Amino acid sequence: MPSPDPGQIPGPASPHRVPVLLPYPFPGPFDYRVPPGLRPRPGDVVLVPLNNREEVGVVWDATTDQAVPEHKLKSVVGVLDTPPMGASLRRLIDWIAAYTLSPPGEVMAMALRVISAGVGRPMVRYRRADPLPAVRITPARQRVLDVLARDEPRSGTDLAHEAGASSAVLRGMTAAGLLIAETARPDQPFRRPDPDHQGPALSDQQRQVAAALRAAVGRGEFSVTLLDGVTGSGKTEVYLEAVAACLRAGRQALVLLPEIALSSQWTERFGRRFGVAPAVWHSDLASRVRKITWQAVAEGQAPVVVGARSALFLPFPDLGLVVVDEEHEAAFKQQDGVVYNARDMAVVRARFCDAAAVLVSATPSLETVANVEAGRYAHLRLTRRHAGATMPAISLLDLRETPPDRGRFLAPPLLEAVRRTLAQGEQAMLFLNRRGYAPLTLCRHCGHRMQCPNCTAWLVEHRTRHQLLCHHCGHTIPIPPECPSCAAADSLTPVGPGIERITEEAEAVFPEARRLIMASDTIAGPSAAAAAAHAIEDRSVDLIIGTQLVAKGWHFPHLTFVGVVDADLGLAGGELRASERTVQLLHQVAGRAGRAEAPGRVMLQTFIPEHPVMQALLGGDLDAFMHSEADSRRDGAWPPFGRLAALIVSADTAITADTVARDLGWAAPRGDGIVVLGPAPAPMALLRGRHRRRLLLKVRRDVPVQPILRSWLAAVQVPRGGRVDVDVDPISFL
Ligand code: ADP
Ligand code: ZN
């Protein structure tokens, strides 16, 4: 058998068979027979039979599996009229599959979902020939012609439906010259951003950083740069210059944002800089827009895409720049299905595309900082806020000394600060990272706590909806009139605050203030987010009360005071990254204050003002904090100085979960630089009705994790009802 050229992507081993990867969790591609006349090439999107259905798949690069004899293979049905999946995207898919231990088809599904929804097919539209040729007109043909006489060209499906004719009739009519099939193209859905439209006059420091980024893009080769700068220093303006350089080089650019659906301010800013809107990509797009966008990206007609993590799987033919804004954000980690971190995979994609990757943050993750220190990533810094705006003045409010009034959550000094801010005609924000009215409801009489039956979690009261709600599985019940345990009437009491309760309190104290609640359940989508942002910009809002949604890169020039209701909240669980994350989140929130002329002030309510996190926020020396955080991880070889992978066992019964967890414990890998922690019940020991156990593999940085995981998993039989999920580089330990 001739072996494929070394250094070349292996092509099909035989002209008569091709490997086709299907969007399902099979271990790899399946071979199909190539019928005469077809010449599918790697990346082609094909239709193939699978279990009596026709499925869309992609011709893959793997050498074919000769085990199945050729006469037993099923045939490829056809090649779809859609741009092929490029080599760099196929390599990314293989890479992610190998890294996350996911079946490649499941990873590929993320790139293919749109095509399966029909991109490849309804591109053909039918028009009535004029004049009509003199051929036989059956009643069915006449109905088709009638439909087309009235209106515009139609897709085959629509036409067949409206005329009550089969697709065979349409084919016959086309062959007879009665219909003209034309490939429908939406005209240029995205206009070309103009790199010279209207750049701001950059400060000296911004100019130097922009030049360095432009140079990185201009080299046209793989590089990674951390762009690190205080909030409001112009990081966005500066990386838009890198986007401009990429446009000038004629390549495509991708900007990943953690909450793109809510980032109206970002797209507006892009519009000001480049004169047109960017293509936007996220999971809530209407399917028609998805198809048009996907197609435009594939054809290079969408020069800039801004998107959520799924945008990584768009078929860019020539990607020259990937920007990951707020690179430290946990939102880049996908927790369901294929568990991957889009920040890290963006770097991988950049490598396969010879593109520049730019990671942007005011509070970079320790992982990224470690990569900078090891010399793997370049580092650019902006140290000052734009136009002389100063960093906000931060103070700690010790709740042990100045507690709020009984049954209240806002301490007098904080209320006073809000009052003064409002009196000056400026805007104030109260931040609490907790939706709903109260995180816990308990019976004053018997102490019963209202718990989710499916999860290890309390039910959260949502008073405006008159419901108790599980934030993990969505289980809801009406607020019961009496305690379900002891039947005492009117004994259920809310414990602790959520933002609804803070809003109620603020309303009592500042009845005149125009309030706006910003949380994922009140700001449901892009237009609501844009409306909220405009209301704040127009000053038709005085007081903003929000969850972590308000921490995202908003720029509100009239906002001068931020009050953090519970600065200790994120530290409670004691997870590996609790301190790092709390600093990042609170620094981001604080960074919303005083972004224009008027200086900003921030007050953090805390019971532990002496905690290093509070001290770091107070002193503003995040570098020092991150260094000591790094030191504390170095000794135990915790990330980024070691690698972690979690195995999450889940099962429909506790016994099955325990059995699988125990077997995994017995089969645990051993060796130099390898540690296994657990099995132990997960903190969420019950989630959506499934019993959960966890094991954690910790290895030295130089020990590759995947081979260890593969042989570990292979050693254990998982019975029906049980499963083991793998989370490489976990950031959540629930
Ligand atoms: P960051 O991304 O670092 O938080 P931004 O890029 O959002 O900072 O900049 C903060 C604000 O300052 C934005 O409104 C931005 O338009 C403005 N800005 C930054 N640099 C300049 C500049 N050189 N000229 C004009 N406006 C600028
Ligand atoms: Zn639940």
Side-chain angles (χ1 to χ4, degrees), residues 198-211 213 226-244 255 257-258 263-274 306 323-329 358-364 380-392 436 439 449-460 462 467-477 533 536-537 551-559 584 587-597 600 682-692 734:
Q198 200 176 52
L202 300 180
S203 70
D204 281 349
Q205 194 181 48
Q206 289 175 335
R207 202 167 26 235
Q208 283 168 19
V209 171
L213 288 179
L226 166 63
L227 170 57
D228 150 18
V230 298
T231 51
S233 57
K235 295 185 294 299
T236 314
E237 297 296 348
V238 166
Y239 75 66
L240 289 179
E241 294 312 303
V243 171
V255 180
L257 298 183
S263 303
S264 57
Q265 279 192 329
W266 194 96
T267 35
E268 285 165 18
R269 223 157 122 189
F270 184 92
R272 285 196 293 279
R273 172 63 184 84
F274 292 107
V306 55
V323 177
V324 183
D325 200 351
E326 312 286 6
E327 67 89 29
H328 62 277
E329 273 278 345
V358 181
L359 309 181
V360 184
S361 177
T363 53
L380 298 170
R381 289 196 100 147
L382 292 169
T383 53
R384 287 182 296 276
R385 278 195 157 178
H386 169 67
T390 48
M391 292 306 286
R449 295 167 174 214
M450 298 298 293
Q451 251 223 312
C452 176
N454 314 316
C455 304
T456 312
W458 294 330
L459 292 174
V460 177
H462 284 249
Q467 280 175 336
L468 298 179
L469 169 66
C470 174
H471 283 182
H472 299 279
C473 73
H475 177 79
T476 18
I477 55 168
I536 300 171
E537 287 161 1
K552 315 287 166 187
W554 305 102
H555 182 70
F556 298 135
H558 311 292
L559 177 69
Q584 286 163 341
H587 185 79
Q588 289 293 335
V589 178
R592 297 315 107 203
R595 289 170 66 97
E597 301 82 52
M684 300 275 315
L686 191 66
L687 179 63
R688 294 183 202 100
R690 297 191 47 92
H691 299 263
R692 302 167 77 248
L734 288 180

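Since the structure is predicted, the reported quantities are computational estimates derived from the model, not experimental observations. We count ligands from 1, going down the list as the structure has it; atoms in each ligand are counted the same way.
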**Request:** Show the numbers, then the answer: is there a side chain to side chain contact (heavy atoms under 4.5 Å, CB included) between S203 and H386?
**Result:** CA-CA 8 Å; S203 70; H386 169 67; 5.5 Å; no

**Request:** Any chance you could lay out the side chain to side chain contact (heavy atoms under 4.5 Å, CB included) test for V360 and E326, step after step, and finish with the verdict?
**Result:** CA-CA 5 Å; V360 184; E326 312 286 6; over 6 Å; no

**Message:** Could you go through H472 and R688, starting from their C-alpha distance and side-chain angles, then the distance that decides it, and tell me whether this counts as side chain to side chain contact (heavy atoms under 4.5 Å, CB included)?
**Reply:** CA-CA 7 Å; H472 299 279; R688 294 183 202 100; 5.6 Å; no

**Message:** Under the criterion side chain to side chain contact (heavy atoms under 4.5 Å, CB included), I'd like the reasoning laid out for M391 against T231: C-alpha separation, chi angles, the key distance, then a yes or no.
**Reply:** CA-CA 8 Å; M391 292 306 286; T231 51; 3.8 Å; yes

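Comparing heavy-atom distances from atom 13 (C) of ligand 1 across R272, K235, Q205, R269 singles out R269 as nearest.
For atom 4 (O) of ligand 1, the nearest protein heavy atom (residue, atom name, distance) is G232 N, 2.8 Å. Ranking the protein heavy atoms by distance from atom 2 (O) of ligand 1 puts T236 OG1, 2.7 Å first. The protein heavy atom nearest to atom 8 (O) of ligand 1 is G234 N, 2.9 Å. Among all non-hydrogen protein atoms, the one lying nearest atom 16 (O) of ligand 1 is E237 OE2, 2.6 Å. The single protein non-hydrogen atom nearest to atom 20 (N) of ligand 1 is Q206 NE2, 2.9 Å, given as residue, atom name and distance. Summary of contacts: the protein heavy atom closest to atom 26 (N) of ligand 1 is H386 NE2, 3.2 Å.
Seen from the Zn ion (ligand 2), atom SG on C473 and atom SG on C470 lie at an angle near 110° (rounded to 10 degrees).
Among the atoms of A201, some N or O lies under 3.5 angstrom from an N or O of ligand 1. For T231, no nitrogen or oxygen atom sits less than 3.5 Å from a nitrogen or oxygen atom of ligand 1, counting backbone and side chain alike.
Close approach of ligand 1 to V230 is summarised as follows: ligand atoms under 4.0 Å from at least one heavy atom of the residue are 3 (O). Against a heavy-atom cut-off of under 4.0 Å, S233 is close to the following atoms of ligand 1: 1 (P), 3 (O), 8 (O). Interface of P200 with ligand 1, defined as ligand atoms under 4.0 Å from a residue heavy atom, comprises 22 (C), 24 (N), 25 (C). Of all atoms in ligand 1, listed by their number and element, those nearer than 4.0 Å to a heavy atom of L202 are 23 (N).
Heavy atoms of R385 found under 4.0 angstrom from ligand 1: none, in either backbone or side chain. At a heavy-atom distance under 4.0 Å, only side-chain atoms of H555, from C-beta outward, approach ligand 1. Residue-level proximity to ligand 1 for A362 is absent, since no heavy atom of it falls below 4.0 angstrom.
Taking the six-membered ring where tryptophan is involved, the planes of F274 and F270 are tilted, since the angle between them lies from 30° to 60°. Between H462 and H471, the angle of the ring planes goes over 60°, which puts this pair in the perpendicular group of the 30/60° scheme.
Look at L382 and you'll find every heavy atom at least 4.0 Å from all atoms of ligand 1.
Remark: the backbone N or O of T383 is not paired with any side-chain donor or acceptor of S233 at under 3.5 angstrom. Without hydrogens or angle criteria, R273 side chain to A244 main chain gives no donor-acceptor distance under 3.5 Å.
Note on R269 versus E237: salt bridge recorded, some NZ/NE/NH1/NH2 to OD/OE distance being below 4.0 Å. A salt bridge does not link E241 with R207: every distance from a Lys NZ or Arg NE/NH1/NH2 to an Asp or Glu carboxylate oxygen is 4.0 Å or more.
Taking 2.8 Å as the criterion, H475 does not count as a coordinating residue of the Zn ion (ligand 2), since none of its N, O or S atoms falls below it. The distance from the Zn ion (ligand 2) to the nearest N/O/S atom of C455 is under 2.8 Å.
The shortest distance between side-chain heavy atoms of L559 and I536 does not fall below 4.5 Å.
Donor-acceptor pairing under 3.5 Å is lacking for the side chains of H587 and T363.
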